[in-house]
Amino acid sequence: MSAAAGIAWDTRTVAGAQVRPLPGPVATLPVTPGDGSAPPVTGPTAGGPGATAPQSPAGPSPDPEDPGPGTGDGVRPSGPLPFDMPQPAALRSGAAGKKLVFAHYFTPYPLSLDNASADADYYTRNYLKPDGENGKHERYGGLLRDRPLPVPPKAGNWELANLQQEVRTARAAGLDGFTLDLLSLTGKNLERCKLLMEAARSVDPAFKVMLMPDMTSLGTDDPAVLADLLADLGKAPAAHRLPDGRLVVSPFKAEEKSAAWWTRMMEVLKSRHGIRTAFVPLLLDFGAHSGAFEPISYGFSEWGSRSYVGQEGSTRDVRRAHAAGKIWMQPVSVQDARPNQGIYDEAGNTATLRATWNRAIEDGADWVQLTTWNDYSEGSQFAPSLHNGHAYLDLSSYYLTRFKTGGWPRVVRDTLYLSSRTQFAAADPSGGQSLVMSLRGGSAAARDTVEVLSFLTAPARIRTSVGAAGDAHEAPAGVHSRLLPLAPGTGSAAVVRDGRTGARVELPYRVDRTVEVQDLQYYAATSGRS
């Protein structure tokens, strides 16, 4: 194995991430009573837009893919989520079934690269260590800072089994499918693409895979070559098609080729392979290129900003797409930190996750793309990971349910989410790292905070501990964010109601002032899972 595929992402991720400069603090999202939108997170220290969701009925509770200890309320069964997740059938039928949610799948980082034990597998030996892969990543302290949640070695076709597990995880979170990053015309990444299509079909025929040719790395100027690749992958039952049979193709950085080039590619797909196309280009500069692509497109998308500020531009882009009669696929993100490129965005704990989901909901997006499911070289993963567990994916399920059903899920179990970095933003790594990350232009200012995000069935007192400092605050029913100053040591939070301690969460990763390697990702934990 080599990190070549991950490094090939560099051009895309530096030039590709859209950032709209927006100086100053983020504004509170306006709310019109009764409009179905989410009020801002309550509390004077809440950072970024969020939601204190109204209580509304929810569907039956499923058998979770990986249940953890719930707090329970004496009536409801325990479960990992603060609400009862609707069954897949409820999210895939009627109006909810037209609101599609995908996650961007990046083939270089599957659950396992070598089917070895996590304590000595390729991730541990070569991607997480500064001296991994013969020191090629030493300059930036190692290729990755996090990894997929470890899985035990498997007998038989372990690669297929692991991809099936990822599909089950995504399906349990409410996702409709993956957008599949097509990085190369041959080799291991293409093999994983085909295997993922097989995994999706075998786990759930309704789980779809949208083809996303990556125009920063595919390396062909011949539209017929790409048409042949898409036809080969598109024949798989899992390939995402519209009800009228059109194959959905959503190229990343579509403006890398002209609208005429893409028209020729679609003509070859139809004449040579008998495949009609629904073209949904992802444009890195939507304003500059949407006009040229409008006549050939079914819809549009963009990559989006990865900080909780600078999100307002998406409202303009959604309206522009809808005015042209096109669907819109909205990017939703959690954070972004790229050691090998020396750049990061200030995510504000969970503020970016909440802000981007609220934009998709309030602006009336048709589809959503979580960016990303598993690009660990960007630090942008929603997938269950070593340092975040299921926390970000579980949070996303809450907003996904609102996006699809039109009503905020009712909180039926007290659940706490705790997030922080393990080092201060200005920490100077003491190891051999020479390239350190700095804030991308347009990002919110760096901050050193611990966030307690509470989902409560009724008002309660939240007891907190950050390092040596203990504190407590009152939190209302619904969703509430409280920011605390970062301090050396570990953090925890617990719900106290009527003198009894209920849901409790601990972030076991210690915060230190002196660090060997720079790591500016936010770590997260949830009381809903062990």
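Residue numbers count from 1 along this sequence. These values consider heavy atoms only, across backbone and side chains, with no hydrogens, waters or symmetry-generated copies.
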CZ of R276: more than 12 outside heavy atoms within 6.0 angstrom? yes
Is the backbone of A206 close enough, under 3.5 Å, to the side chain of D204 for a donor and an acceptor to pair up by distance? yes
For D366, the option from K98, H322, K326 that meets side chain to side chain donor-acceptor pair (under 3.5 Å): H322
Compare every heavy atom of R440 with every heavy atom of I343, then report the nearest pair and how far apart it is. CD1-CG, 3.4 Å
Distance-only, no hydrogens or angles: does the S301 side chain make a donor-acceptor pair with backbone N or O of M329 under 3.5 Å? yes
State whether the side chain of D176 and the backbone N or O of V101 hold a donor-acceptor pair below 3.5 Å, judged by distance alone. yes
Hey, are W328 and Q330 close enough side-chain-wise for a donor-acceptor pair under 3.5 Å? yes
F106 CZ to T372 OG1 distance, which is reported to the nearest 0.5 Å: 8.5 Å
Decide whether R338 and S377 meet the rule of one side-chain donor and one side-chain acceptor closer than 3.5 Å. no
Identify whether the distance between the nearest side-chain nitrogen and carboxylate oxygen of E159 and K188 falls below 4.0 Å. yes
What heavy-atom pair brings C193 and L180 nearest, and what distance separates the two atoms? CB-CD2, 3.7 Å
Quick one: which of F178, F207, F382 gives a ring pair (Phe, Tyr, Trp, His ring centres under 6.0 Å) with Y105? F178
Return yes if a side-chain donor-acceptor contact under 3.5 Å exists between D317 and S314, otherwise no. no
Any side-chain to backbone donor/acceptor pair from S385 onto N388? Under 3.5 Å, distance only. yes
Taking the six-membered ring of Y109 (Phe, Tyr or Trp), confirm whether the NZ or CZ of R147 is under 6.0 Å from its centre and within 45° of its axis. no
Specify whether F102 and H240 have parallel, tilted or perpendicular ring planes, treating 30° as the upper limit for parallel and 60° as the lower limit for perpendicular. tilted
Considering only heavy atoms from C-beta outward, does the side chain of L395 approach that of W357 to under 4.5 Å? no
Between N349 and T449, do the side chains contain a donor N or O and an acceptor N or O under 3.5 Å apart? yes
H104-D181 side chain donor-acceptor pair, cut-off 3.5 Å: yes
If every non-hydrogen atom of S333 is compared with every non-hydrogen atom of S305, which pair is closest and at what distance? OG-O, 3.6 Å
Looking at every heavy atom in both L143 and H137, which two are closest together, and how far apart are they? N-CB, 3.6 Å
Would one find more than 12 heavy atoms of other residues, nucleotides or ligands at under 6.0 Å from atom CG of D244? yes
Does any part of the side chain of Y298, heavy atoms only, come nearer than 4.5 Å to the side chain of S250, both counted from C-beta? no
For the pair E255 (side chain) and D285 (backbone), establish whether a donor and an acceptor sit closer than 3.5 Å, ignoring hydrogens and angles. yes
Given the rule in the salt bridge (Lys or Arg N to Asp or Glu O under 4.0 Å) test, do D232 and K194 qualify, once you have shown the distances and angles that lead to the verdict? CA-CA 9 Å; D232 184 45; K194 294 179 178 180; 3.2 Å; yes
Given side chains that start at C-beta, do those of W373 and T179 come closer than 4.5 Å, heavy atoms only? no
Minimal non-hydrogen separation, D222 against W261, with atom names: C-CZ2, 3.8 Å
Side-chain donor/acceptor of R145 to backbone N/O of Q518, under 3.5 Å: yes
Heavy-atom pair of closest approach, residues A239 and L247: CB-CD1, 3.9 Å
Check whether any side-chain N or O of K404 sits under 3.5 Å from a backbone N or O of K99 as a donor-acceptor pair, and report yes or no. yes
Any donor-acceptor pair under 3.5 Å from S396 side chain to Y392 backbone: no
Looking just at side-chain N and O atoms, do D519 and Y523 make a donor-acceptor pair shorter than 3.5 Å? yes
Does the side chain of P331 reach to within under 4.5 Å of the side chain of Q369, using non-hydrogen atoms? no
Name the orientation class of the two ring planes belonging to Y127 and Y123 (parallel below 30°, tilted from 30 to 60°, perpendicular beyond 60°). perpendicular
Taking the six-membered ring for Trp and the single ring otherwise, decide whether the centroids of F455 and F83 are under 6.0 Å apart. no
Electrostatic pair R306:E378 at N-O distance under 4.0 angstrom: yes
Indicate, with yes or no, if the rings of F300 and F293 have centres closer together than 6.0 Å. no
How long is the span from the NE2 atom in H289 to the CG atom in L284, to the nearest 0.5 Å? 8.5 Å
Does any N or O in the side chain of S443 come within less than 3.5 Å of the main-chain N or O of S307, such that one atom is a donor and the other an acceptor? no
Step-by-step side chain to side chain donor-acceptor pair (under 3.5 Å) determination, D146 to Q381: CA-CA 9 Å; D146 197 5; Q381 63 277 0; 3.1 Å; yes
With a 4.5 Å cut-off on side-chain heavy atoms, are S481 and R354 touching? yes
Within 45 degrees of the ring normal and closer than 6.0 Å to the centroid, is that where the cationic atom of R421 sits relative to Y522? yes
Between D375 and S380, is the side chain to side chain donor-acceptor pair (under 3.5 Å) condition met? List the steps. CA-CA 6 Å; D375 189 349; S380 58; 5.1 Å; no
Can you find a pair of side-chain heavy atoms, one from F279 and one from P281, that are under 4.5 Å apart? yes
Side-chain donor-acceptor contact under 3.5 Å, T216 with E256: no
Under 3.5 Å: donor-acceptor pair, side chain of R241, backbone of G245: yes
